[in-house]
Amino acid sequence: MKKSLMLGVALLSSMSLLLGGCSLSKEDIPEANEYLSDTNENETDAADEASTLSSEVVVINDLFEPTLEPEESEASDSSSEATTEEADKPKIDSEPVDIVFFGDSQLANGKNDGTDIASLMQKRIPNSRIYNMAIGGTTATLEKTTTDPSLETLTSTSFYGMANCFAGKADRYATLAAGYPDVLEVMNSITPEEVDYYVLSYGTNDFINGVPLDASQYDPTGTQVHALYNVLVMCVDTLKDISPDARIIFMTPFYGIYVAEDGTYIGDSYIVSNGQGTLSEYADKIKNVVEDKELILFDGMYQSKFDLYLDTASQYLADNLHLSLTGRQIVARLVSHEINFREKNEPYAYLENDYIKIAEFDPFEDYRYSEGLMKKYYPESWEKYIVGEFPLAQPSDEAVAQYKSEQESQDGDN
């Protein structure tokens with residue numbers, strides 16, 4: 001990018017690229033494109049490809065603070081299909097699966113009309129009970145304006161505040177009763193010891209607010225609540241203490257692009273920096289936490305699960321930052337595999353091989369893996385699959401007939 005353009009970018013006082021944090025208002029959302037036609041090939045290393053677009057990092061020091069309240073659904077998502085695009089989840093005789101969601105508006109958007117990621121996942125996971133406590137505009141770290149991290153006086157809706165409220169270490173009523181009574185009601189209905197899964201989504205607003213990636217960059221006195229890695233470790237430890245049997249899935253920030261008010265392309269999540277790092281570096285820091293604390297990663301930054309990139313951003317994002325309905329549907333299907341595999345509803349092949357090309361995505365579709373390939377490459381799963389042990393992955397009549405024929409042939413030989 002030419003230096004003159006970079007200087008011009010730095011002087012822009014407002015930007016339409018939606019650095020408004022993960023908190024979204026209906027008036028701020030352009031019409032999403034629901035008629036997808038472009039395709040994009042799966043790249044093995046999106047970060048390397050991105051580096052060919054620009055060798056320079058664009059540093060923007062004054063990113064727009066998140067102030068808008070999350071809207072339950074986008075204007076373009078309000079058709080009747082938005083609430084009926086997926087069939088009711090199967091009724092399977094098993095214990096309830098309790099799933100608790102903490103995060104920003106990537107998880108909060110769509111709550112009121114059932115098009116949030118949590119509600120869409122509930123339709124895909126048998127006997128699941130969801131508890132969505134996501135709040136738009138929130139960070140993982142304690143807000144910069146709060147210098148005292150004492151739990152006795154804490155009233156923060158950051159992940160640090162919410163985790164401690166949920167654990168009974170901070171006052172949940174003082175924190176939530178006035179501004180978020182619905183979230184308080186949800187929190188009061190959960191028994192932490194019975195939680196099976198946590199789904200977390202943080203990092204985008206930490207990036208927008210210029211939060212340091214590590215405590216050593218911020219406070220030599222050792223305060224860790226204002227640094228991303230450190231506070232995430234603290235919060236994860238808190239959840240593990242109160243829900244020792246729960247598994248934790250962490251969704252990284254999603255790849256996005258940045259444009260100026262006049263539509264000029266500035267950069268993407270690999271290029272635009274807040275002075276501390278790019279959004280992709282914040283995603284990488286979350287990966288560090290996932291690895292160190294042995295969590296389950298859902299990658300939203302690179303192309304490991306679907307072809308999110310510059311050419312497809314308008315298809316899965318409503319505004320270059322927030323997931324559109326299509327984006328939420330894609331993420332819900334992919335994250336559901338993580339739980340359905342562990343709950344023995346699906347074979348591992350479904351989790352490992354479901355890669356979505358956005359232009360070909362059908363929200364009504366349930367993923368199926370090739371029976372021939374499963375038989376060849378997943379023999380242990382195949383034996384369970386062919387006799388119907390996976391409720392969400394039933395064999396075809398042709399495969400069952402062939403299996404019975406093979407069994408009869410083997411019995412005859414014996």
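From a predicted model like this one, the values you see are computed outputs, not experimental measurements.
For the pair R124 and D366, the salt-bridge criterion is met [side-chain N within less than 4.0 Å of a carboxylate O]. Checked for salt-bridge contact, D116 and K111 miss the test: no charged N lies under 4.0 Å from a carboxylate O. Salt bridge status for K285 with D214: present, with a side-chain N to carboxylate O gap under 4.0 Å.
N345 approaches P126 most closely through the heavy-atom pair ND2-CD, 3.5 Å.
Side-chain contact, Y369 with E352: no donor N or O sits under 3.5 Å from an acceptor N or O.
The backbone N or O of A170 lies less than 3.5 Å from no partner atom in the side chain of N164, so there is not a single donor-acceptor pair. No donor-acceptor pair closer than 3.5 Å links the side chain of R172 to the backbone N or O of G168. Under a 3.5 Å cut-off, the side chain of S156 and the backbone N or O of S158 do form a donor-acceptor pair. Between the side chain of S269 and the backbone N or O of S280 there is no donor-acceptor pair closer than 3.5 Å. With hydrogens and angles disregarded, no donor-acceptor distance shorter than 3.5 Å links the side chain of D268 to the backbone of L310. Using a distance-only test at 3.5 Å, with no hydrogens or angles considered, a donor-acceptor pair links the side chain of S396 to the main chain of A399.
In this structure, the side chains of T138 and Y202 come closer than 4.5 Å at one or more pairs of heavy atoms. Taking the side chain as every heavy atom from C-beta outward, N109 and L323 never approach each other to under 4.5 Å. Between D104 and T139 there is no side-chain heavy-atom pair separated by less than 4.5 Å.
The side-chain contact (heavy atoms from CB on, under 4.5 Å) test with K287 is passed by exactly one of Y282, Y302, F250: Y302. For the side-chain contact (heavy atoms from CB on, under 4.5 Å) criterion with M121, the lone passing option out of V331, N340, I339 is I339.
Remark: F341 pairs with Y348, L351 by the side chain to side chain contact (heavy atoms under 4.5 Å, CB included) rule, at least two apart or across chains.
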(message) If you apply the rule salt bridge (charged side-chain N to carboxylate O under 4.0 Å, His left out), what do you find for D98 with R129, and how did you get there?
(response) CA-CA 5 Å; D98 289 347; R129 298 189 298 201; 2.7 Å; yes
Report all side-chain donor-acceptor pairs from residues 381-390 shorter than 3.5 Å, counting only partners two or more places apart or in another chain.
| unit_1 | atom_1 | unit_2 | atom_2 | d |
| --- | --- | --- | --- | --- |
| Y385 | OH | R368 | NH2 | 2.8 |
| Y385 | OH | E371 | OE2 | 2.6 |
| Y385 | OH | Q394 | O | 3.3 |

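Residue pairs meeting the salt bridge (charged side-chain N to carboxylate O under 4.0 Å, His left out) criterion with at least one partner in residues 235-252, sequence neighbours excluded, are D237-K293.
In summary, the aromatic rings of Y265 and Y258 are positioned with their centroids too far apart to meet the 6.0 Å limit.
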